[in-house]
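Beneath this line is the structure, given in structure tokens, with notes to follow.
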Amino acid sequence: MRTYIIAEAGVNHNGQLDLALKLCDAAKEAGVDAVKFQTWKTENIVTAQARQAAYQTENTGVEESQFEMLKKLELSYDHFRYIQNYCKEIGIEFLSTPDEEESLAFLVSLDLPFIKVGSGEVTNIPYLRKIASYGKPVILSTGMSTLAQVATAYDTLLESGAPKVSLLHCTTNYPCPYSEVNLRAMLTLKEAFKCQVGYSDHTMGTEIPVAAVAIGAEIIEKHFTLDRTMEGPDHKASLEPAELKQMVEQIRHIETALGDGIKRPNRSEAENAKVVQKSILAKRPIKKGEVLTEDMLVAKRAGAGISSVHWDVVVGTTAVKDYDIDEPIKLQ
């Protein structure tokens, strides 16, 4: 199965349309399936007094309110219409996460293939009901949540009209240390809800999303930036374009390597087996008519003769001819 890879541009455009378009170009070049942004009107999601998260202050090095920070990062609806059209031109799917109801209605009007919901909304029951009411598939990130909270959100979405809900395991920390990834929790989600699962990654590097694909992720979301040294809350926990491209290549290699699960030799192995696997040979000179015993036989690479898997069949039979040392044994 082909993994759906989302390049999370998020707010790494720094509120600038030209940077947003360059992020689309970089995502396309990397070979991902979609590039995703975040859409909001700051007045609708945060109070003027709300403090930044600790990671935001640490990553930006600026002491300011969430309102001030988000207002600087906000793109207009006209900007997003332009970005979506640009994505169509270059051949990559445009996505964005709505952070409040007005922006949700706007993004639905753009006819996106599904609604991507951030971890912060897992416990926002009225908003989940509103999202589901549009009747579109939903992908829900589950950072900061218990299994019981995810169950409530999952059931709410399905009961309120969402035709399908996919769940992404996630750790809401930027960057996320490896000790907090808990990747097996993704498998817990799959077992608990019998749904499509994936992983939204905030670690440094590419190995964790690649590992997620190896154990069953069908969706991968990964933050990326044009330059990790740029100012902003998410750049430090993001991949740069070359790294994003490398991650996509690694994931595609893993998909190919996973195969169909049937244990059998492939074509190249079938040829190698003729050379590498052992055949039953004469350990010493043998006369025709002698009963073959184990001390008269040896298993060696010979490229011909009876496979050593048939050892027990050969032992106890009568030699059909005279054999020299290392000559392949025959049954007739």
Side-chain angles (χ1 to χ4, degrees), residues 5-40 42 52-66 68-76 79-80 82-87 89-97 99 116 118-119 141 143 170-178 181 199-210 212 220-252:
I5 304 175
I6 302 170
E8 172 66 76
V11 299
N12 284 341
H13 49 71
N14 287 358
Q16 301 171 38
L17 178 60
D18 63 330
L19 282 181
L21 299 180
K22 289 178 181 178
L23 284 163
C24 295
D25 288 333
K28 172 64 177 178
E29 170 62 23
V32 301
D33 296 289
V35 59
K36 190 181 79 65
F37 296 86
Q38 295 170 21
T39 305
W40 73 87
T42 306
Q52 289 179 317
Y55 83 86
Q56 293 171 334
T57 302
E58 182 178 345
N59 289 352
T60 62
V62 178
E63 286 280 356
E64 61 184 350
S65 68
Q66 273 200 56
E68 292 171 313
M69 179 190 70
L70 291 173
K71 199 63 181 176
K72 290 188 296 187
L73 298 172
E74 183 181 310
L75 291 174
S76 71
H79 283 149
F80 283 116
Y82 191 95
I83 294 168
Q84 183 187 41
N85 287 331
Y86 185 73
C87 286
E89 289 177 10
I90 66 173
I92 188 172
E93 195 153 61
F94 165 82
L95 301 171
S96 192
T97 293
D99 290 321
K116 172 60 175 61
S119 296
S141 285
C170 174
T171 303
T172 307
N173 192 359
Y174 306 81
C176 173
Y178 298 133
V181 170
Y199 176 61
S200 180
D201 184 51
H202 300 142
T203 64
M204 302 295 288
T206 63
E207 60 263 55
I208 304 303
V210 172
I220 289 293
E221 181 178 80
K222 180 72 174 178
H223 281 262
F224 81 109
T225 179
L226 298 179
D227 183 350
R228 219 169 6 248
T229 65
M230 293 174 71
E231 293 183 1
D234 293 344
H235 293 288
K236 288 183 179 179
S238 302
L239 297 179
E240 292 184 344
E243 296 168 318
L244 181 66
K245 185 173 184 178
Q246 180 186 53
M247 184 195 79
V248 173
E249 291 173 349
Q250 290 170 337
I251 287 174
R252 299 303 178 216

Looking at [X] and [Y], what are the two nearest heavy atoms and their distance?
{"X": "Asn12", "Y": "Phe224", "answer": "ND2-O, 2.8 Å"}
{"X": "Leu21", "Y": "Tyr82", "answer": "CD1-CE2, 3.7 Å"}
{"X": "Asp234", "Y": "Tyr174", "answer": "OD1-CD2, 4.3 Å"}
{"X": "Gly143", "Y": "Ser119", "answer": "N-OG, 2.8 Å"}
{"X": "Ile220", "Y": "Ala212", "answer": "CD1-CB, 4.0 Å"}
{"X": "Ser200", "Y": "Glu221", "answer": "OG-OE1, 2.7 Å"}

Does the distance from a Lys or Arg side-chain N to an Asp or Glu carboxylate O, for Lys71 and Glu68, drop under 4.0 Å? no
Validation row: [X], [Y] side chains within 4.5 angstrom (heavy atoms):
{"X": "Leu244", "Y": "Met247", "answer": "yes"}
{"X": "Lys116", "Y": "Leu95", "answer": "no"}
{"X": "Leu226", "Y": "Leu23", "answer": "yes"}

Do Lys236 and Thr225 pair up side chain to side chain, a donor and an acceptor below 3.5 Å, judged on atom types alone? no
Is the closest side-chain donor-acceptor distance between Asn173 and Thr171 under 3.5 Å? no
Counterpart residues, side chain to side chain contact (heavy atoms under 4.5 Å, CB included), relative to [X] (two or more places apart):
{"X": "Gln84", "result": "Lys88, Phe94, Leu110, Leu112"}
{"X": "Val248", "result": "Ile5, Val32, Arg252"}
{"X": "Gln16", "result": "Asn14, Asp18, Leu19"}
{"X": "Ala20", "result": "His13, Phe37, Leu75, Ile83"}

Is there a donor-acceptor contact under 3.5 Å from the side chain of Tyr178 to the main chain of Met204? yes
The reported gap from NE2 in His223 to CZ in Arg228 (rounded to nearest 0.5 angstrom) is 13.5 Å
Given the rule in the side-chain contact (heavy atoms from CB on, under 4.5 Å) test, do His235 and Thr229 qualify, once you have shown the distances and angles that lead to the verdict? CA-CA 7 Å; His235 293 288; Thr229 65; over 6 Å; no
Applying side chain to side chain donor-acceptor pair (under 3.5 Å), can you list everything that pairs with Lys36, at least two apart in sequence or on another chain? Glu8, Thr97
With sequence neighbours excluded, tell me which residues meet side chain to side chain donor-acceptor pair (under 3.5 Å) with Gln250. Thr206
